[in-house]
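Here's the structure, in structure tokens; my notes come after.
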Amino acid sequence: MATKLTGGSQQLIDFIQSLHPIKDEIAEYIKKNCSEKKIARGKILLEAGEVCEHYYFIKRGMVRGFIIEDGKEITTWICREGEVVTSIQNLLDIEAVGENMKTLEHCELIIMPTSGIQYLYDTYPEFNTVGRKLLERYYYDAQQRAIICRIPNAAKRYEHFLNTRPELVNRVPGKYIASFLNMTEETLSRVRSARTKNKPRPVSRNQEND
């Protein structure tokens, strides 16, 4: 069950302020119209085909997006605390099939209705800058995913993932990383093993003196 925001709302306000300064009345509106919810790992936030009615700010935990193709889940994105998740496709097209959204860890979420976001856009012109900055982040992440999809070599895809999302490498189960990188778990295991074997070993002081 969702509860109205308490002191924990400051994390969301700080995030928005990092995108663009906002007036006190905007902050107050957000505090009054958002709710906070704790959700266990493995819970669905949105099913493909549902109308997306919320934005979710992740205070703690991780959420992934995925589609189902031929009965198989294909991970399309992974987000962690300090990020906002929603279904842009379902926001723009209410008839779109869209993605599924599911918690990867126990999560603490701040939930804002899409109607509330629209009110802020209509009422406070500066909040449109917040929306633009957020969409720029979405576009950047989408661009990185598009680049990964076009790298033919599995090892290079994994290397790109290490360089762009290093904070997820040891936190996300391998099967989801493999799915995100369009490879099997076996391939990911081989890539990781090869990378470990080829990693230069630190030189000891005795070796330096030889």
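Fair warning: this is a prediction, and the values are worked out from it, not measured in the lab.
- In this structure, NZ on K38 lies 11.5 Å from NE2 on H106, to the nearest 0.5 angstrom.
- Atom CE in M62 sits 8.0 Å away from atom CD in E81 (nearest 0.5 Å).
- In this structure, the side chains of F180 and R145 come closer than 4.5 Å at one or more pairs of heavy atoms.
- Only one option out of I111, I39, N100 pairs with L45 in a side-chain contact (heavy atoms from CB on, under 4.5 Å); it is I39.
- Counting heavy atoms from C-beta on, the side chains of K37 and Y56 never come closer than 4.5 Å.
- Salt-bridge check for E28 with K31: passed, with a basic side-chain N closer than 4.0 Å to an acidic carboxylate O.
- Checked by atom type and distance alone, the side chain of E53 never pairs as donor or acceptor with a backbone atom of P113 at under 3.5 Å.
- When the side chains of ILVMFWY residues are joined at heavy-atom separations under 4.5 Å, either directly or via intervening members, I16 and I117 end up in a single hydrophobic cluster.
- The nearest pair of heavy atoms linking T103 to A40 is OG1-O, 2.7 Å.
- Between I177 and V172, the closest heavy-atom pair is CD1-O, 3.5 Å.
- No continuous path of ILVMFWY side-chain contacts below 4.5 Å connects F161 to I147, so the two sit in separate hydrophobic clusters.
- If you chain together hydrophobic residues whose side chains sit under 4.5 Å apart, L104 and L181 fall into the same group.
- Partners of D24 under the side-chain hydrogen bond (donor to acceptor under 3.5 Å, both in side chains) rule, at least two apart in sequence or in another chain, do not exist in this structure.
- Following chains of ILVMFWY side-chain contacts shorter than 4.5 Å, one cannot reach V84 starting from I78, and the two form parts of different hydrophobic clusters.
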For residues 64-73, which side-chain donor-acceptor pairs fall under 3.5 Å, sequence neighbours excluded?
from	atom 1	to	atom 2	distance (Å)
R64	NH1	T75	OG1	3.0
R64	NH2	E73	OE1	2.3

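- Rounded to the nearest 0.5 Å, atoms CE (M183) and CG (L188) are 6.0 Å apart.
- Scanning for side-chain hydrogen bond (donor to acceptor under 3.5 Å, both in side chains) contacts around Q144 gives H160, with sequence neighbours left out.
- Between the S189 side chain and the E185 main chain, no donor and acceptor come within less than 3.5 Å of each other.
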Check: Do Y158 and V169 pass the side-chain contact (heavy atoms from CB on, under 4.5 Å) test, and can you show the C-alpha distance, the side-chain angles, and the key distance before you say yes or no?
Finding: CA-CA 10 Å; Y158 183 65; V169 174; 3.6 Å; yes
Next item on the list: Please lay out, stage by stage, how V85 and W77 fare under the test side-chain contact (heavy atoms from CB on, under 4.5 Å).
Entry: CA-CA 10 Å; V85 297; W77 53 262; 3.7 Å; yes
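- The hydrophobic clustering, which links ILVMFWY residues whose side-chain heavy atoms are closer than 4.5 Å, places Y176 and I74 apart.
- Under the rule for a ring-ring contact (aromatic ring centres under 6.0 Å, His included), the partners of Y119 that lie at least two apart in sequence or sit in another chain are Y29.
- Taking all atoms of both residues into account, the shortest heavy-atom contact from I148 to R157 is O-CD, 3.1 Å.
- Counted within 6.0 Å of OH on Y140, heavy atoms from surrounding residues, nucleotides or ligands total 12 or fewer; the atom is thus considered open.
- More than 12 heavy atoms of other residues, nucleotides or ligands sit less than 6.0 Å from atom CZ of R132.
- Listed by chain and number, the residues in a ring-ring contact (aromatic ring centres under 6.0 Å, His included) with Y139 amount to none (sequence neighbours excluded).
- Taking every heavy atom of both residues into account, N153 and A155 meet most closely at OD1-N, 2.9 Å.
- R190 has no carboxylate O lying under 4.0 Å from a charged side-chain N of E186, or vice versa, which leaves the two without a salt bridge.
- With salt bridges taken as basic N to acidic carboxylate O contacts below 4.0 Å, one links E167 and R165.
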Check: side-chain contact (heavy atoms from CB on, under 4.5 Å) between T86 and H54: does it pass, once the steps are laid out?
Finding: CA-CA 7 Å; T86 190; H54 301 96; over 6 Å; no
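- Q10 contributes atom CD, which lies 8.0 Å from atom CD of Q17 (distance to the nearest 0.5 angstrom).
- At most 12 non-hydrogen atoms from other residues, nucleotides or ligands lie less than 6.0 angstrom from CZ of R60.
- Note: Y55 OH to C34 SG = 12.0 Å, rounded to the nearest 0.5 Å.
- The two residues S87 and C52 have their closest heavy-atom pair at N-SG, 3.6 Å.
- The salt bridge (charged side-chain N to carboxylate O under 4.0 Å, His left out) check on R137 picks up nothing, with sequence neighbours excluded.
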Next item on the list: Using the side-chain contact (heavy atoms from CB on, under 4.5 Å) rule, take I58 and E105 through it: C-alpha gap first, then chi angles, then the decisive distance, then the call.
Entry: CA-CA 11 Å; I58 307 173; E105 297 177 346; over 6 Å; no
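- Put simply, NZ on K32 and CD1 on I30 are 12.5 Å apart, with the number rounded to the nearest 0.5 Å.
- A154 and T187 make their closest contact through CB-CG2, 3.8 Å (heavy atoms, listed as atom of the first residue, atom of the second, distance).
- A side-chain donor-acceptor contact under 3.5 Å links N128 to the backbone of P125.
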